[in-house]
Trainee: 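The structure's right below; bear with me while I get my questions together.
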Amino acid sequence: MNVVIVESPAKAKTINKYLGPGFEVLASYGHVRDLPPKDGSVAPDDDFRMIWQVDGKAQKRLAEIAAAVKGADRLILATDPDREGEAISWHVLEVLKEKRALKDQKVDRVVFNAITKAAVQEAMAHPREIDHSLVDAYLARRALDYLVGFTLSPVLWRKLPGARSAGRVQSVALRLVCDREREIEAFKPQEYWSVAALLATPRGDAFEARLVGADGKKISRLDVGSEREARDFEKALNAAKYKVASIEAKPAKRNPYPPFTTSTLQQEASRKLGFAPSHTMRLAQRLYEGIELDGETTGLITYMRTDGIDLAPEAIAQARDVISSDYGKNYLPDAPRIYKNKSKNAQEAHEAIRPTDLRRHPKEMARKLDADQSRLYELIWTRTLACQMESAELERTTVEIEASVASGSYKLVNLRATGTVVKFDGFLTLYNESRDDDFEDEDARRLPAMSEGEALKKNELKIEQHFTEPPPRFSEASLVKRMEELGIGRPSTYASILQVLRDRGYTRLDKKRIIPEDKGRIVVAFLESYFPRYVEYEFTADLEEKLDEVANHELDYKKVLRDFWTGFTGAVAETKDLRIKEVIDVLDALLNEHNFPPKADGSDPRACPQCGTGRLGLKVGKFGAFIGCSNYPECRFTRALTAPGEGELAATKELGEDPETKKMVTVRSGRFGPYIQLGEAEDTGEKTKGGKPVLTKPKRASIPKNFDAHELDFDTALDLLKLPREVGKHPESGEPILAGYGRFGPYVKHQDTYASLTDGDEVLTVGLNRAVTLIAEKIARGPGRGRRKPQGRPLGDHPALGGPVTQHEGKYGPYVSHNKVNATIPAATDPATISLEEAVALIDARAGKSGKKPAKAKKTNGAGEEAVAPKKKAAAKKPAAKKKAAPKKKKKSDDTGETALEE
């Protein structure tokens, strides 16, 4: 028997069918162990020894794998073909060694780039050993992320109250976003004027030409800086005679784009389809794992985490066949196109993302996929096919025009008209990378036929004022592109890095643009002030290159760790004696332009608007940073960091009168953000005990994060006030399904089941079919938000105290429980076979050690209900006990593999 290990159960089921009898395919469900979220899991003083802890949920799966391996002849590790996949195989192998499940069994590692029968069988025929250089690169990355998180985040907590965490790559990505925001804030717009003439040939064909020179002097876009200069040109051109000075037509070629890598797929899916990178990767994972085709589960695309841009020879041959049959020989180049990969990253040394079979056309697959999967599959299919098509042939024409003036400021004014004609569309018939609109504009500006020396007629002049614009904020696509250009992080982590920044409240997404929150800007300002080297783009990119060298067998990973740790601990030590006031003063100065932008009337932006004599400055409280007055506590004026007009509402904004109640609908700014209010508080005519009037509470509705309070319209505000709304009746129960907005965000509700809406779902527009699906998925997952304690495996009743004793799988390993007393099961004891007597001994020992007695089982009356004892008289009050110390902050590991610490 051969035991094969893969990550997912879906993959296991498919591969089991491919391999048939003689093979048992089991799933590890991803990583089976990690560094425990506590200090000491990586020991720099002990040559960076790493302590691993098996995930509680993985215990049972590993026991099943170990049992299967004990009776097997061969163990085949077939996890994903990247660094993470190599690490999972290594972890599984190490655990099996610890369990002594391996004796004489042969251990092989196989990798396949697509989940197809041919690819899997080919991989099985060419096994190899685990690549320990890839494992070392994984160990180095994991240790670095852990050490940064568990060392730097506590510094943030101590010196910057309200800060959440810092990560090795996450903080640098956040700096990119904050740097762009600083550029925008510092930007000074420059006025300029454009001068263009709408001309016509003798045959009446019109075209546009723009000003490029005058009297031998070249004029660029920004050179006409005032209306007076523009009017001088207007006057000269109105009196001028026009003729064609020269015509130049140049042939040009546009070559197709290479097939998708992880990064370019995320960028194009964001631009063309509006998908977030995390959504794109979820869809790609499903396409990779496959669907049922002709009675067999088949993967539709190759592995989706890759830097490679080359294609397998069989894929190229198939693409050329499809091009020839579907588009004709004209679209097929004489030789296949070979794309060279310049990436140094050994982790991604495999194919680009492509369909496993290009004969599966998108229209055919659309009937078997959901809408988003179908759109992504079509994007991958068209890009792959286009990369093997013929180049587009263009003709770019430039016409130089002279405008002769008899008298005035200028004697000879030069204009230029340009246009592009597509002679042969080539690959553009199928695909154009996010420049569809640009290309159409060029083609639309097709120039009419003209000849040199020909006179032209002026129809009209266009004189327009413009102002230069600041650089745009990053979109998710452009940030991913910039990170890749700088060598920050790796494509497989980009999606989770962006998600982590949003989840921690460091950034937000508004109109598909990433905006840094005040909390994020403060963290970056702190790191740039006290840890500048570790948020430098070049330093982070150099470290990534070193990790790639480890993966390429070129560098020892422990040397990388030693070099990093020596400098990093020194930087941390320098902050030891810093006082919070010093830190706040430094940050206050750094964020001056952001927190206190110049006022239109020229008055001091730091003057306190309440007391008039105090100075506003950065303050830090229990819940983070804010702006406060220097005259505190006499003056208690405070506001959020963002100044009014820069993200929060300065006053109440009226949207209109509600046609039903005749009350005014307004948008207001509250302590917890902007909200909508219907009408005002009204006097009920009643009085409180103190004689104050009792007022009605007006109806209010929170404005969801994906809505801009400044641009909220009247109709949308009314819809939000009507929440929760009825989506429709459930097809099975006939009960209504409601959609609303609650404490944890948008949701749908049926009876007692609440299900959160996901990315792409809108609370105001979610339909009945989608709502039924979300509710069914929530019911399948089980109740609660993860806070309820699982039932556990019953072992019997406690012999002395009564009440059930149960065995559980917890976050920190298996344990037994009785009436709120939990006791860890020792590593030498198998949780699956622990007896009631052993469990009771552990629980009693734990209760004695903690100094608390196990609670007796609750008594019940004859009806089986809990019996309630009569209340005793209240005892005399004891002196107030000392306050308990604040609970320690927990440490977690986020999806990027970086160690994240949070309160």
Side-chain angles (χ1 to χ4, degrees), residues 148 152 156 160 163-190 263 266-267 270 277 468-491 493-545 571 583-584 586-598 618 624-625 641-643 646-647 896 898:
V148 170
L152 193 53
L156 279 177
L160 202 60
R164 294 281 299 276
S165 64
R168 184 177 63 84
V169 179
Q170 150 214 325
S171 299
V172 184
L174 180 59
R175 185 194 159 191
L176 272 171
V177 177
C178 294
D179 280 357
R180 176 59 56 88
E181 200 68 17
R182 279 200 290 261
E183 287 180 59
I184 294 170
E185 289 169 354
F187 181 80
K188 306 294 182 191
Q190 179 183 343
S263 169
Q266 290 176 4
Q267 293 171 47
S270 177
T468 53
E469 294 184 354
R473 290 187 173 108
F474 285 112
S475 65
E476 290 186 310
S478 59
L479 182 57
V480 166
K481 184 178 181 181
R482 186 62 180 142
M483 289 172 69
E484 186 179 38
E485 288 171 350
L486 293 172
I488 296 169
R490 281 295 171 254
T493 65
Y494 291 155
S496 49
I497 286 171
L498 299 185
Q499 189 63 49
V500 165
L501 292 179
R502 284 202 299 276
D503 290 346
R504 292 182 188 161
Y506 289 161
T507 65
R508 73 179 189 274
L509 203 58
D510 184 20
K511 296 178 183 175
K512 298 186 179 180
R513 295 288 169 176
I514 302 172
I515 302 173
E517 297 283 19
D518 291 329
K519 188 187 297 183
R521 296 196 66 159
I522 288 176
V523 168
V524 167
F526 176 83
L527 295 175
E528 286 184 309
S529 298
Y530 299 104
F531 296 89
R533 187 182 184 207
Y534 301 97
V535 286
E536 283 178 2
Y537 305 139
E538 189 175 341
F539 175 80
T540 307
D542 286 346
L543 193 55
E544 291 291 345
E545 284 191 13
V583 173
I584 297 305
V586 169
L587 300 186
D588 189 31
L590 277 174
L591 297 171
N592 178 66
E593 290 186 12
H594 172 63
N595 293 336
F596 307 102
L618 183 69
L641 295 191
T642 309
E646 294 294 321
T896 67
E898 296 188 354

Trainee: Has R168 got a side-chain atom pairing as donor or acceptor with V148's backbone, closer than 3.5 angstrom?
Mentor: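 No.
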Trainee: Please enumerate all residues that pass side chain to side chain contact (heavy atoms under 4.5 Å, CB included) together with A541, with sequence neighbours excluded.
Mentor: none
Trainee: Mind checking what makes side-chain hydrogen bond (donor to acceptor under 3.5 Å, both in side chains) contact with S475, not counting sequence neighbours?
Mentor: S478
Trainee: I'd like to check the ring pair (Phe, Tyr, Trp, His ring centres under 6.0 Å) partners of F526; sequence neighbours left out, ordered by chain and number.
Mentor: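 Ring pair (Phe, Tyr, Trp, His ring centres under 6.0 Å) check on F526 returns Y530.
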Trainee: Go through the steps for E183 and R180 under the test salt bridge (charged side-chain N to carboxylate O under 4.0 Å, His left out), then give the verdict.
Mentor: CA-CA 5 Å; E183 287 180 59; R180 176 59 56 88; 3.8 Å; yes
Trainee: If we ignore angles and hydrogens, is there a donor and acceptor under 3.5 Å between the side chains of S263 and Q267?
Mentor: yes
Trainee: Using a strict cut-off of less than 4.0 Å between a Lys/Arg side-chain nitrogen and an Asp/Glu carboxylate oxygen, indicate whether E484 and K481 qualify as a salt bridge.
Mentor: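 Salt bridge absent between E484 and K481.
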Trainee: Ignoring hydrogens and angles, tell me if any N or O in the side chain of T468 forms a donor-acceptor pair with the backbone of Q190 under 3.5 Å.
Mentor: yes
Trainee: What's the spacing between L543 CG and E538 CD if we round to 0.5 Å?
Mentor: 12.5 Å
Trainee: Identify, with sequence neighbours excluded, every residue that meets side-chain hydrogen bond (donor to acceptor under 3.5 Å, both in side chains) alongside Y537.
Mentor: D179
Trainee: Ring pair (Phe, Tyr, Trp, His ring centres under 6.0 Å) with F187: which residues, sequence neighbours excluded?
Mentor: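 For F187, no residue satisfies ring pair (Phe, Tyr, Trp, His ring centres under 6.0 Å) once neighbours in sequence are set aside.
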Trainee: Any donor-acceptor pair under 3.5 Å linking the side chain of S529 with the backbone of A525?
Mentor: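 Yes; judged by distance alone, with no hydrogens or angles, the pair exists.
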Trainee: Just jot down the side chain to side chain contact (heavy atoms under 4.5 Å, CB included) partners of A589, sequence neighbours excluded, or say none.
Mentor: none
Trainee: In chain order, what residues pass the salt bridge (charged side-chain N to carboxylate O under 4.0 Å, His left out) check against E485, with sequence neighbours excluded?
Mentor: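 Here the qualifying residues are R482.
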Trainee: Can you list everything that forms a salt bridge (charged side-chain N to carboxylate O under 4.0 Å, His left out) with E517? Sequence neighbours excluded, please.
Mentor: R508
Trainee: Please give me the minimum heavy-atom distance between F596 and D588, naming the atom from each residue.
Mentor: CE1-OD1, 3.9 Å
Trainee: Please identify each residue that fulfils salt bridge (charged side-chain N to carboxylate O under 4.0 Å, His left out) with E536, with sequence neighbours left out.
Mentor: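 Checked E536 against salt bridge (charged side-chain N to carboxylate O under 4.0 Å, His left out); zero matches.
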Trainee: How about E593: does its CD atom have over 12 heavy atoms from other parts shown lying under 6.0 Å from it?
Mentor: no
Trainee: E181: what forms a salt bridge (charged side-chain N to carboxylate O under 4.0 Å, His left out) with it, not counting sequence neighbours?
Mentor: R473
